[in-house]
Structures are given as structure tokens and as C-alpha cells.
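Reading through the C-alpha cells given below for one structure.
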Amino acid sequence: MKRKYLSTPYIIWVIGFTILPLVTIAASAFTDNDDAFTWGNILAILEPINRQALLFSLAIAFGCTLICILLAYPAALVLKSFRLKRKGFTIFLLVLPMWMNFILRILAWQMILSKNGILNFLLGKVGIAPLALSNTWIALMIGMVYDFLPYMILPIFNAISDIDEDLIEAARDLGADSGTVFRKVIFPLSMPGMLSGIVMVFVPAMTSFVIADILGGGKLQLIGNIIEQEFVKSMNWHLGAGLSISLMLLVIVGLAFTLRNDMEERGTTIW
Amino acid sequence: MGTNEKGRDILELKNISKSFDGKKVLDDLSLSIGRNEFITLLGPSGCGKSTTLRIIGGFVRPDNGSVFFEGQDITNLASEKRNVNTVFQKYSLFPHMNVEENIAFGLKLKKKSRAYIQDKIKYALKLVNLEGYEKRNTTALSGGQQQRIAIARAIVNEPELLLLDEPLGALDLKLRHDMQQELIRIKKEVGITFIYVTHDQEEALTMSDRIVVMNKGIIQQMGTSKSIYDEPQNAFVADFIGESNIIDGIMLQDKVVEIMGVKIPCVDEGFEARETVDVVIRPEDLEIREAENGFFSGKVTSVLFKGAYYEIKICARDYEWVSQSVNAPEVGAEVGLYVAPDNIQIMHKPQSEDAEIIKE
């Protein structure tokens with residue numbers, strides 16, 4: 001099959017928008033202002049302020065992923081039990097907010113969670129003292145979970161939907177009650193979906209900065225915020241690039257470690 | 001009916017009805033199954049045979065009627081609590097477990113000891129001729145091997161009743177024949193009751209102690225392979241169990257039937273005078289002779305070689321007759337058709353409410 005020319009546009013795309021920028025970023029990262037080679041920008045991740053931001057990002061991303069799994073799994077199970085029409089409509093509702101600008105949605109959360117916002121207004125109505133959620137990590141977490149949840153629900157739902165009903169019947173036939181069917185059949189077979197969900201939630205959560213900007217009021221420093229500031233405010237592109245590369249390598253190594261078993265077993269990658 | 005060594009049937013279905021979306025799938029079905037029987041539910045797709053099996057397995061609740069197992073009403077008992085195991089059509093092995101883990105699934109849930117489970121796995125793999133396959137990945141096995149593992153996985157639980165839902169349907173012809181023999185052997189070795197569902201009449205005839213022919217949710221006939229083949233009770237059974245010539249006839253008197261204007265001797269008695277009947281003649285019983293020596297004469301329209309015999313179609317009196325013979329006449333030849341008196345089956349026409357069942 002000599003149809004290789006059909007892939008030309010994608011090759012151009014990959015070279016132009018993935019490889020070249022990566023090379024540029026790497027070139028920037030390994031040089032200083034005088035264009036001399038240095039490890040400094042890469043190693044800057046170890047400086048206390050950056051390290052702290054990195055750990056905070058890790059904690060937030062980890063927490064966000066965990067909460068997303070806990071919320072998404074039951075949601076996916078409920079969704080699977082729906083009849084076809086209702087299923088389609090519910091998925092549509094899940095996806096619908098994604099068609100609205102992401103920053104607008106986060107700004108809405110800022111309004112909801114602010115001191116005189118909707119949440120505190122409603123709490124006041126039922127006699128609960130107002131919560132000071134604005135600019136806290138809790139607000140950041142709420143915003144992130146809200147934003148990333150669909151990316152966890154959909155792959156888990158797909159994986160669960162792919163499980164042959166016969167397998168569940170076979171398990172019951174062999175004496176498994178509902179709990180055991182879930183533990184021994186549904187959950188293990190939904191792992192690939194959950195792993196893609198983890199990739200799709202953890203990585204953006206780890207690297208995001210806009211949510212922290214808006215819901216953290218500039219007080220919460222994720223590693224993404226630090227990198228943004230190096231590029232935009234301090235105009236130190238070398239340092240920004242160095243931190244980016246370090247972060248990327250950490251994410252890749254981390255994911256490779258997490259997903260290794262799965263890939264070995266199934267012989268396929270999940271992304 | 002049924003073999004009843006302990007004087008009690010192992011399973012009894014009483015007046016079972018079931019509808020799906022307003023469509024009646026089972027209509028007041030009653031059936032007793034004896035201990036250690038190999039019973040086959042046979043019928044075309046949609047006849048209710050699989051639903052019957054799923055009701056016995058506990059995957060479907062009947063709308064009406066009861067299921068008794070060893071005399072106990074288990075109609076509403078959950079599938080996992082029944083001492084019954086199923087071999088599914090699509091094997092349904094757990095893809096995330098290897099052969100050994102699949103077979104051990106039921107035993108681990110019953111909290112059997114490691115040594116016991118290991119013994120059982122060994123025994124089961126030997127039983128299905130797959131010794132040494134413990135660590136194999138199930139997805140890497142062939143269809144026939146997967147089905148053997150599925151049988152092993154069910155058998156190790158020592159069910160008193162094994163349900164087999166068209167287990168050989170996905171296999172090719174050669175493998176299917178081998179597996180039929182395997183299943184008969186396995187049945188003999190483990191000595192439990194088999195309820196087998198298939199739409200393949202040849203498979204049913206080969207394997208079963210007793211066949212239940214079903215159509216449109218109603219049992220058409222029950223009996224041994226031989227009795228069903230030799231003495232079909234209605235035209236549906238005759239047509240479904242092997243190919244047949246089914247012709248309208250008029251019973252003139254005892255032992256004489258008129259077919260297409262010709263008086264033909266038969267052995268059947270006890271019909272009303274001039275009763276309209278269905279006449280069934282098996283292809284292998286329809287003899288081809290010289291044109292002047294038969295009851296009818298007609299022209300050979302096609303001759304197909306089927307391996308062990310020829311299938312010959314003859315057009316006589318505006319009816320296409322099917323005959324099987326080891327000798328092939330020429331296509332277009334003028335031949336005579338003859339049938340011996342005891343090879344003619346005479347059946348009452350179905351009652352009007354059953355007429356519809358027969359048609360399709």
C-alpha cells in the first residue's frame with residue numbers, strides 16, 4: 001500500500017506543532033541568557049519555592065484525580081444502567097458545559113464561592129454561617145474537580161459499557177453476588193478506562209495554572225503558575241522552559257511507572 | 001417420562017409463561033427432567049428454548065409458573081445461589097484471568113482450600129483434554145479450547161445440573177462433531193444431568209437421551225431421538241427434524257391413504273373415514289424406481305452430491321419431492337417414486353389454534 005502520502009499533513013503538523021516547539025523549548029531550557037549551556041534551568045525545580053509549588057501541584061492533582069475517580073465511578077455505573085435514549089441525553093448533558101468557555105465556567109465558580117456569593121447566600125438561608133472558601137485550596141479543588149470530572153466519567157463509562165453482559169452472568173452463575181461481581185469482574189475490566197481517565201485528569205491538573213489564578217486569587221502557587229510567571233511576568237524564558245521540561249519529564253516518568261503493568265498485560269497503550 | 005433413579009425428578013417446570021415487551025416467548029410450559037438425563041431443548045431461533053434455559057439458570061424470572069429443583073421451589077432464588085452451572089454460547093471466559101484462574105473462580109468463592117482447588121483444576125483440564133494449559137491466557141486459545149475451558153470451569157463446581165446454551169454454535173463443523181463426542185464422554189464421566197439447547201437437529205439426535213422440540217413457546221413433542229425422528233407428532237416436528245416430504249392426504253380407510261389421487265397402502269389405523277391428514281415421507285424412504293413401477297412418475301430436476309449419498313429432487317404431480325439415495329439418476333430422467341407402507345407417517349392435521357404454529 002503506497003498511501004503514505006496521505007499522512008503528509010499529519011507529519012507536517014507533528015513536526016510544526018510538536019517537535020519544533022519541543023526542540024525550541026529544550027534549546028531554551030539548556031541555555032542561559034548568553035546562550036551558554038547550563039543545567040541550571042532544569043535543576044531550578046529543586047529550589048525551595050519551586051519544589052514547594054511542585055509538591056503542592058502533586059498533592060492537588062493527586063487529590064483531584066482521587067475525588068474524580070470516587071465521583072465518576074458510581075456515575076458511570078448509573079449511566080450504564082440507563083436505557084439507550086436516556087443514556088445519550090445524560091452524556092450530552094455531561095459534555096454540554098465543555099462547549100462553553102472554560103474561563104467563564106471558572107469565573108462562575110468564583111462567584112458561587114465568594115464571600116457574598118450564591119453558596120453563602122443559600123447557607124445563610126438554612127442558618128449556616130458563611131464559609132470562607134474564596135482563594136483557598138478547597139476552592140481550587142472544587143474548580144478542578146468540576147472541570148475534569150467528565151474526562152474521568154466518559155472513559156470509565158466506555159470501559160464498563162464494553163464489558164460483555166455474559167461475563168457478569170457467568171460470574172453470577174459461578175456463585176458471585178453483586179459485590180463480588182463488581183470486585184472480580186467489573187472493576188478489573190474497567191481498569192483500562194480508569195487509567196485513561198487518570199491520564200486525562202492527572203496531567204492537566206498537574207500542569208494547569210488558570211484555575212489556580214482565578215479561584216486562588218494569586219495566593220495559591222501551583223508549578224504551572226510559577227512557569228507562567230517566568231514566561232509572562234519575569235520574561236525569563238530560559239528558566240520557564242527549564243521548569244517546563246523538568247515538569248514534563250516528571251509527568252512522563254510518573255505515568256510510565258503507573259501504566260507499565262497495564263501496557264505489558266494488554267500489549268496496547270491506552271493513550 | 002424421564003429416568004428417575006431416586007424416584008424424583010431433579011427439575012420440574014410448572015406452567016411457565018414469559019413475555020418480553022408484550023411478545024409471548026413461553027406459553028404455559030411444563031417440563032420434568034429426570035436425574036442424570038441428557039435432555040435437549042430443540043427448536044428454531046425464537047422458539048423459547050434459550051429463555052427456558054435462562055429461567056432454569058436464574059437469569060430470567062418467569063411471569064407465571066414455578067421452577068422446582070429437587071422438590072424445592074427456586075423460582076425466585078438468585079442465580080448465584082442455585083446448584084446449577086451454565087456453559088455459555090460465547091464461552092464467556094474472564095479475559096483478565098488465565099485458564100487456571102477462570103476454572104478456580106467458583107471454587108475460590110466457595111472458600112475451598114488451595115490443595116482442593118489445584119486438584120480440581122488438574123482433574124478438569126484432564127477431563128477436557130487440555131492438560132498443562134493452567135497458565136495460558138484465555139484470549140490466546142482457539143474457540144474449541146475456550147469452550148473446553150468453559151466446560152471445565154462449570155464442571156469443577158460439581159453442579160447437579162449443567163446447562164449448555166448452544167455451546168458448539170460458534171465452532172466449525174469438524175470441531176463441532178468432535179466436541180459432541182467429547183460432551184457425551186464428559187457427561188458419562190461426571191454423571192450429572194445435562195440440559196442442552198440447540199437449533200441443530202442433527203446435534204440433538206446424536207447426543208440426547210430425550211429431546212424436547214419447541215416452537216413459539218410451546219412444546220411440540222418430547223421423546224427419545226428415535227421416537228421423534230420415526231414418529232413425529234405433527235408436521236412442524238417432521239419438518240424440523242430432518243428434511244421431509246410433507247403432503248396432504250385423505251385417509252380412505254384403515255391402512256389406505258389417498259395422496260394426489262393415488263391410493264397407497266400404509267400401516268396407520270384409527271383415523272376417521274375421509275379425514276384430511278398430513279403425510280410425512282422421509283427422503284431416505286422415498287425410493288426411486290423405473291417410471292412404471294412407482295406410485296407416481298416424475299422428472300428428476302436436480303441431483304446434489306452430499307458425500308455419503310445423493311440428494312435428488314423429483315417433480316411429480318406439481319410437488320417437488322426430495323429423495324436420498326446412493327445411486328444418482330440423470331437429471332431430466334423420467335422416474336417412478338415408491339414408498340414402503342411402514343415408511344409412511346400419517347398425522348392428524350393440527351387443530352385450528354395450532355395451525356399457525358405449524359406454518360412458520
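Within every chain, numbering begins at 1; the chains are lettered A, B, ... in the order of the sequence lines, protein sequences first and strands thereafter.
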Practice problem: Specify which of B/G57, B/G58, B/P95 makes the most heavy-atom pairs with chain A at under 4.5 Å. | Solution: B/P95

Self-check item: chain A contact via B/R54 - which portion, at a heavy-atom distance below 4.5 Å
Solution: side chain

Exercise. Kindly give the heavy-atom pair with the smallest separation between A/S208 and A/L222, and that separation in Å.
Key: O-CD1, 3.6 Å

Exercise. I would like to know whether B/E182 and B/I151 meet side chain to side chain contact (heavy atoms under 4.5 Å, CB included); could you show each step before the answer?
Key: CA-CA 11 Å; B/E182 289 276 290; B/I151 292 165; over 6 Å; no

Practice problem: Output yes when a side-chain donor or acceptor of B/E37 lies under 3.5 Å from a complementary backbone atom of B/G34, and no otherwise. | Solution: yes

Self-check item: Residues of residues 137-159 of chain A within contact distance of chain B, non-hydrogen under 4.5 Å
Solution: none

Would you tabulate the side-chain donor-acceptor contacts of residues 75-88 of chain A under 3.5 Å, counting partners in other chains and residues two or more places apart, or write 'none'?
residue : atom : partner : partner atom : Å
A/K80   : NZ   : A/E165  : OE1          : 3.4
A/S81   : OG   : A/V78   : O            : 2.6

Exercise. Check whether any side-chain N or O of B/Q147 sits under 3.5 Å from a backbone N or O of B/P167 as a donor-acceptor pair, and report yes or no.
Key: yes

Self-check item: Members of residues 97-107 of chain B whose heavy atoms come closer than 4.5 Å to chain A
Solution: B/M97, B/F105, B/G106

Practice problem: Could you tell me how the ring of B/F94 sits relative to the ring of B/H96: parallel (under 30°), tilted (30 to 60°) or perpendicular (over 60°)? | Solution: perpendicular

Exercise. Pick out which of B/K187, B/E203, B/E166 makes a side-chain hydrogen bond (donor to acceptor under 3.5 Å, both in side chains) with B/Y196.
Key: B/E203

Quiz item: Is any residue of residues 85-93 of chain B within less than 4.5 Å of chain A by heavy atoms, and which ones?
Solution: B/N85, B/T86, B/F88, B/K90, B/S92, B/L93

Quiz prompt | Atom CD of B/E189: over 12 foreign heavy atoms under 6.0 Å | solution = yes

Quiz item: Hey, which of B/L13, B/V212, B/T193 is the one that makes side chain to side chain contact (heavy atoms under 4.5 Å, CB included) with B/I33?
Solution: B/T193

Quiz item: Checking B/T75 side chain against B/V67 main chain: does a donor-acceptor pair fall under 3.5 Å?
Solution: yes

Self-check item: Side chain B/R35, main chain B/D9, donor-acceptor under 3.5 Å
Solution: no

Quiz item: Considering only heavy atoms, which portion of A/D164 lies under 4.5 Å from any heavy atom of chain B: side chain, backbone, both, or neither?
Solution: side chain

Practice problem: Evaluate the ring planes of A/W99 and A/F92, with Trp represented by its six-membered ring, and classify them as parallel (under 30°), tilted (30 to 60°) or perpendicular (over 60°). | Solution: perpendicular

Quiz item: Just how far is it from atom CG of A/D173 to atom CG of A/D166, taken to the nearest 0.5 Å?
Solution: 11.0 Å

Quiz item: Cation-pi between B/K112 and B/Y116: NZ/CZ under 6.0 Å from ring centre and within 45° of the ring axis?
Solution: yes

